Amino acid sequence: MINIKQKVIIIYLSNGMIELECREYEKQVQSFLKDEMEDTQMLAFMEHVQICPRCYEELEIYHSVYDGLELMEQEEPLMEHLEFADARLRYLLEQRKQRIAGKRAKRIVLWLLLFLCLAGMLGIGGVVMSGEAGFLG
C-alpha cells in the first residue's frame, strides 16, 4: 500500500520535477554509507530517502553491496545476511538519527551551561559593584 508521501513523490517523479533532486541525493549515497557527511546534510539525506522510494532503493542496493563486502572479509555466510539486509539498513538510519540528536542535545546543554555561567558571573559582579556584599560593607 502506498502512503501519501509516496504518492506525492510518484506524482512529482511523473512530472519530472524532482528528478534533479533525486540525482543529487543518489550521488550522496556512498558518502552517507561511509559516514562522511556533515550532520545537516545527513539529516536532509535521511529525510529524503525515507519519503522517496527511488532513492531508498538506491541506498538499499549500495548498503547491501557494502555490507556484503564487509561480511566476505569476515568470512560470514552471505545468504543469512541477505535475509536481514533491510532491517540492518533501517537500524543504520536510526543509529545516525540518534547520534545527531545526541550531538544536538550536548550542544544545547553546553550553551545552557555557558549562559548560566555568564549570568552567574554578571550577577555576582553586579552584587559586588553595588556594595551589597557583606564583606565589602
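Quantities reported herein were computed from a predicted structural model and do not represent experimental measurements.
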**OP:** Could you pull out all residues at least two apart from Glu47 that satisfy side chain to side chain donor-acceptor pair (under 3.5 Å)?
**Re:** none
**OP:** Can you sort out the partners of Glu38 under side chain to side chain donor-acceptor pair (under 3.5 Å), two or more places apart, ordered by chain and number?
**Re:** none
**OP:** Heavy atoms only: give me the nearest Met42-Asp35 pair and the separation to one decimal.
**Re:** CE-OD1, 3.3 Å
Original post:
Can you list every ring-ring contact (aromatic ring centres under 6.0 Å, His included) pair that touches residues 27-47, not counting sequence neighbours?
Top reply: Phe32-Phe45
Original post:
Say you draw a straight line from CG of Leu89 to CD1 of Ile61; how long is it, rounded to the nearest 0.5 Å?
Top reply: 11.5 Å
Subject >> Interatomic spacing from CD in Gln28 to NE2 in His48 - rounded to 0.5 Å >> reply: 9.0 Å
Subject >> Where at least one partner belongs to residues 57-66, residue pairs that pass salt bridge (charged side-chain N to carboxylate O under 4.0 Å, His left out), sequence neighbours excluded >> reply: none
Original post:
What's in the same ILVMFWY side-chain cluster as Leu113, cut-off under 4.5 Å, chained through other members?
Top reply: Val109
Subject >> Separation between CD of Gln41 and OH of Tyr25, rounded to the nearest 0.5 Å >> reply: 9.0 Å
Subject >> Contact list for residues 101-110, test salt bridge (charged side-chain N to carboxylate O under 4.0 Å, His left out), sequence neighbours left out >> reply: Asp39-Lys103, Asp39-Arg107
**OP:** Please list, chain by chain and in numerical order, all residues satisfying side-chain contact (heavy atoms from CB on, under 4.5 Å) with Gln95, sequence neighbours excluded.
**Re:** Tyr91, Leu92
Subject >> Other ILVMFWY residues reachable from Leu116 by side-chain steps of under 4.5 Å >> reply: Leu112, Phe115
Original post:
Taking only residues two or more places apart in sequence, or in another chain, which ones meet Tyr62 in a side chain to side chain donor-acceptor pair (under 3.5 Å)?
Top reply: none
Subject >> Partners passing side-chain contact (heavy atoms from CB on, under 4.5 Å) against Glu36 (at least two apart in sequence or in another chain) >> reply: Ser31, Lys34
**OP:** List for me each residue that meets side chain to side chain donor-acceptor pair (under 3.5 Å) alongside Glu26, sequence neighbours excluded, and say none if there are none.
**Re:** Arg54
**OP:** With rounding to the nearest 0.5 Å, note down the distance linking NZ in Lys97 to CG in Leu43.
**Re:** 9.0 Å
